Amino acid sequence: MTDFRRDAAVAACCGALLLGALAVTDAVDELSNPVAVAVGVLGAVAVEATFLADTPVADWWTRPWVRAASALVLLGGALGAALVVGPVVVAAACWGLATYFVFLAVAVAGYWP
């Protein structure tokens, strides 16, 4: 499995779980919240920027335990924060994953390093 496919599969599983959490809590309408959109998109851009900058983050990502821990932190963090802040946090995480899929598509198409 290529890195792109593996990363997409993990992101899709996280997205499905987060969307499921919104559906179960009857909070799917939070996806239209402009704050969720802005925080999710800007958060994904910030994360991707750390991979493109001259930081050790890109090297860390090659370690399987880092990828697994990242997925668990995303899920646990979003769902845990939703208990305190509300479902807008889960919606923001969904928008972040959607933005990641756009970046991934651009990279697979060969327009991004």
Side-chain angles (χ1 to χ4, degrees):
M1 180 179 286
T2 65
D3 288 346
F4 287 133
R5 288 183 187 203
R6 180 205 56 234
D7 291 350
V10 171
C13 289
C14 288
L17 289 170
L18 292 171
L19 287 171
L22 287 175
V24 166
T25 59
D26 199 29
V28 175
D29 59 327
E30 285 295 331
L31 289 170
S32 63
N33 184 329
V35 172
V37 176
V39 169
V41 171
L42 293 175
V45 169
V47 168
E48 289 302 316
T50 62
F51 281 96
L52 295 176
D54 190 19
T55 65
V57 174
D59 290 333
W60 295 342
W61 191 250
T62 61
R63 300 175 184 159
W65 68 269
V66 171
R67 291 189 302 267
S70 296
L72 293 175
V73 166
L74 171 69
L75 292 171
L79 296 172
L83 296 174
V84 177
V85 179
V88 68
V89 177
V90 176
C94 290
W95 276 105
L97 287 170
T99 305
Y100 171 72
F101 277 112
V102 171
F103 290 148
L104 192 60
V106 169
V108 168
Y111 298 112
W112 194 341

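Source: prediction; values computed, not measured.
- The distance from the CG atom of D3 to the CG atom of L104 is 10.5 Å, given to the nearest 0.5 Å.
- A search for side-chain hydrogen bond (donor to acceptor under 3.5 Å, both in side chains) contacts involving W60 returns nothing, not counting sequence neighbours.
- Residues that satisfy the ring pair (Phe, Tyr, Trp, His ring centres under 6.0 Å) test with F101, not counting sequence neighbours, are absent from this structure.
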Solution key, residues 10-31 side-chain donor-acceptor pairs under 3.5 Å, sequence neighbours excluded:
| from | atom 1 | to | atom 2 | distance (Å) |
| --- | --- | --- | --- | --- |
| T25 | OG1 | A21 | O | 2.8 |
| T25 | OG1 | L22 | O | 3.3 |
| E30 | OE1 | N33 | ND2 | 3.2 |

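- Partners of V85 by side chain to side chain contact (heavy atoms under 4.5 Å, CB included), not counting sequence neighbours, listed by chain and number: V88, V89.
- Think of V39 as one node in a network of Ile, Leu, Val, Met, Phe, Trp and Tyr side chains linked at under 4.5 Å; its network also takes in V35.
- Every pair tested for ring pair (Phe, Tyr, Trp, His ring centres under 6.0 Å) that includes a residue from residues 6-45 fails, sequence neighbours excluded, so the list is empty.
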N/O donor to acceptor pairs below 3.5 angstrom from side-chain atoms of residues 67-83, sequence neighbours left out:
| from | atom 1 | to | atom 2 | distance (Å) |
| --- | --- | --- | --- | --- |
| R67 | NH1 | W61 | O | 2.9 |
| R67 | NH1 | T62 | O | 3.2 |
| S70 | OG | V66 | O | 2.8 |

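- Sorted by first and then second residue, the ring pair (Phe, Tyr, Trp, His ring centres under 6.0 Å) pairs involving residues 68-95 (not counting sequence neighbours) form an empty list.
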